[in-house]
Amino acid sequence: MNQERRDRLGDAAIEVLAESGCRGLTHRAVDAAADVPLGTTKNYFPTRDALLRAGTERVIELYAAIPRPAPVDRAGLTALMRTLLEHVEGPGRGRVLALLELQREATRTAWLAASLDAFTAADFAYFEQAQRSAGLPVTPQRAAAVTLALHAALPHLVTRGPATRAAAGLDDLDGFVNGLLDTVYGAA
């Protein structure tokens with residue numbers, strides 16, 4: 001089948017997940033979001049699980065496509081983490097909202113939980129390697145603490161609540177990242 005069309009439908013599924021949640025993810029809603037003839041999504045993804053899987057795979061694929069150079073020092077790691085958090089606030093917001101919806105759905109859907117588990121484990125491995133590349137005294141616990149803090153920031157960045165962002169230090173992303181690294185690894 002047409003890969004460009006599959007990607008377009010996957011992108012539309014992400015849009016629907018971000019705007020309407022998993023309950024709103026229907027073939028018709030994806031057809032409308034993709035601006036394709038009624039029934040197109042059903043032809044590509046005949047079941048709701050197939051549609052959910054397509055949205056999940058597309059979220060993971062788009063996340064993997066975000067440029068993430070290996071940092072060579074702490075300043076490079078700080079810049080990388082800040083850039084990724086800025087991406088969540090900007091062009092990646094819909095994808096993060098969709099991912100949060102998928103994580104919620106994964107509590108009830110075993111195959112989805114397995115897919116997201118593999119994705120998240122790879123993300124933890126990536127951030128551990130990034131911290132190691134930056135020359136930090138990495139332990140698995142320290143690397144996990146940094147990654148967990150980044151993951152915990154996501155819902156607060158996408159909901160854009162100013163009081164919560166200020167309370168968490170997310171209104172100053174450089175300060176947040178530097179404070180996180182100082183807390184876990186000591187002051188630079």
Side-chain angles (χ1 to χ4, degrees), residues 3-4 6-25 29-30 32-35 51-71 75-106 112-113 115-131 133-134 143-162 164-181:
Q3 188 61 46
E4 184 178 321
R6 290 178 75 80
D7 291 348
R8 184 173 172 189
L9 295 171
D11 292 343
I14 291 169
E15 183 182 323
V16 171
L17 284 165
E19 291 178 10
S20 304
C22 283
R23 288 183 180 235
L25 184 67
V30 174
D35 195 27
L51 181 56
L52 194 58
R53 189 177 306 274
T56 303
E57 289 170 357
R58 189 68 175 152
V59 164
I60 292 169
E61 179 184 329
L62 291 172
Y63 181 77
I66 298 170
R68 290 174 287 178
L77 178 63
T78 300
L80 170 68
M81 291 167 57
R82 182 194 65 246
T83 299
L84 290 172
L85 292 172
E86 287 171 343
H87 187 77
V88 170
E89 292 182 301
R93 185 173 186 268
R95 193 169 47 257
V96 172
L97 285 168
L99 178 60
L100 293 171
E101 281 293 325
L102 291 168
Q103 288 173 329
R104 190 173 148 271
E105 182 69 20
L112 182 55
S115 293
L116 293 179
D117 184 49
F119 166 68
T120 303
D123 199 46
F124 272 78
Y126 165 76
F127 277 109
E128 181 172 342
Q129 184 55 45
Q131 291 166 68
S133 294
V146 169
T147 307
L148 281 170
L150 291 174
H151 285 210
L154 300 182
H156 304 297
L157 290 171
V158 296
T159 56
R160 298 178 174 155
T164 302
R165 288 169 57 116
L170 292 167
D171 54 344
D172 172 11
L173 293 180
D174 276 324
F176 174 77
V177 171
N178 282 313
L180 173 59
L181 293 177

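On a predicted model such as this, the values are computed, not experimentally measured, just so you know.
In this structure a side-chain-to-backbone donor-acceptor pair under 3.5 Å is missing from Glu128 to Phe124. Side-chain N or O atoms of Asn178 include one that pairs as donor or acceptor with a backbone N or O of Asp174 at under 3.5 Å. Not one N or O on the side chain of Glu101 forms a donor-acceptor pair closer than 3.5 Å with the backbone of Leu17. A donor-acceptor pair is defined here as one N or O able to donate and one able to accept, closer than 3.5 Å; no such pair exists between the side chain of Arg58 and the backbone of Ala13.
Taking every heavy atom of both residues into account, Ala34 and Arg8 meet most closely at O-NH2, 2.6 Å. Between Ala113 and Ala106, the closest heavy-atom pair is CB-O, 3.5 Å. A pairwise comparison of heavy atoms in Cys22 and Leu52 identifies SG-CD1, 4.4 Å as the closest pair. Looking at every heavy atom in both residues, Ile60 comes nearest to Ser115 through CD1-O, 4.3 Å. Considering all non-hydrogen atoms of both residues, Pro71 and Gly76 come closest at CB-C, 3.6 Å. The two residues Ala29 and Val16 have their closest heavy-atom pair at O-CG2, 3.7 Å.
Contact annotation: the side chain of Leu62 never approaches that of Val59 to less than 4.5 Å [non-hydrogen atoms, C-beta and beyond]. Between Leu116 and Leu99, the closest side-chain pair of non-hydrogen atoms falls below 4.5 Å. His151 places a side-chain heavy atom less than 4.5 Å from the side chain of Asp123. Proximity of Leu51 to Leu9: side-chain heavy atoms (C-beta onward) are nowhere separated by under 4.5 Å. Using a 4.5 Å heavy-atom cutoff, the side chains of Ser20 and Leu25 are not in contact. For the pair Val146 and Met81, the minimum side-chain heavy-atom distance is below 4.5 Å.
Here the straight-line distance linking atom OG of Ser133 with atom CG of Leu77 works out to 9.0 Å at 0.5 Å rounding. Atoms CZ and CD, from Phe119 and Gln103 in turn, are 8.0 Å apart once rounded to the nearest 0.5 Å. Considering CG of Leu112 and CG of Asp117, their distance stands at 11.0 Å, rounded to 0.5 Å. Rounding to the nearest 0.5 Å places CZ of Arg160 at 8.0 Å from CZ of Arg165. Note that CZ of Arg95 and CG of Leu154 are 11.5 Å apart. Values are rounded to the nearest 0.5 Å. Interatomic distance, CZ of Arg53 versus CG of Leu102, reported as 12.0 Å (0.5 Å rounding).
Annotation: ring pair (Phe, Tyr, Trp, His ring centres under 6.0 Å) contacts of His87 (sequence neighbours excluded): none. Looking at residues two or more places apart in sequence or on another chain, you find no salt bridge (charged side-chain N to carboxylate O under 4.0 Å, His left out) involving Asp171. By the ring pair (Phe, Tyr, Trp, His ring centres under 6.0 Å) test, Tyr126 pairs with no residue at all, sequence neighbours left out.
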One pair to check against side chain to side chain contact (heavy atoms under 4.5 Å, CB included): Leu148 and Phe127. What are the steps and the verdict?
CA-CA 10 Å; Leu148 281 170; Phe127 277 109; over 6 Å; no

Could you walk me through whether Leu100 and Val158 pass the side chain to side chain contact (heavy atoms under 4.5 Å, CB included) test, one step at a time?
CA-CA 10 Å; Leu100 293 171; Val158 296; 3.9 Å; yes

Decide side chain to side chain contact (heavy atoms under 4.5 Å, CB included) for Leu157 and Leu170; before the verdict, give the C-alpha distance in whole Å, the side-chain angles of both, and the deciding distance to 0.1 Å.
CA-CA 7 Å; Leu157 290 171; Leu170 292 167; 4.1 Å; yes

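The existence of a salt bridge linking Glu89 and Arg93 is excluded, since no basic side-chain nitrogen approaches an acidic carboxylate oxygen closer than 4.0 Å.
Within 6.0 Å of CZ in Arg104 there are 12 or fewer heavy atoms belonging to other residues, nucleotides or ligands.
Phe176 does not carry Arg82 over the face of its six-membered ring by the limits of under 6.0 Å from the centre and within 45° of the normal.
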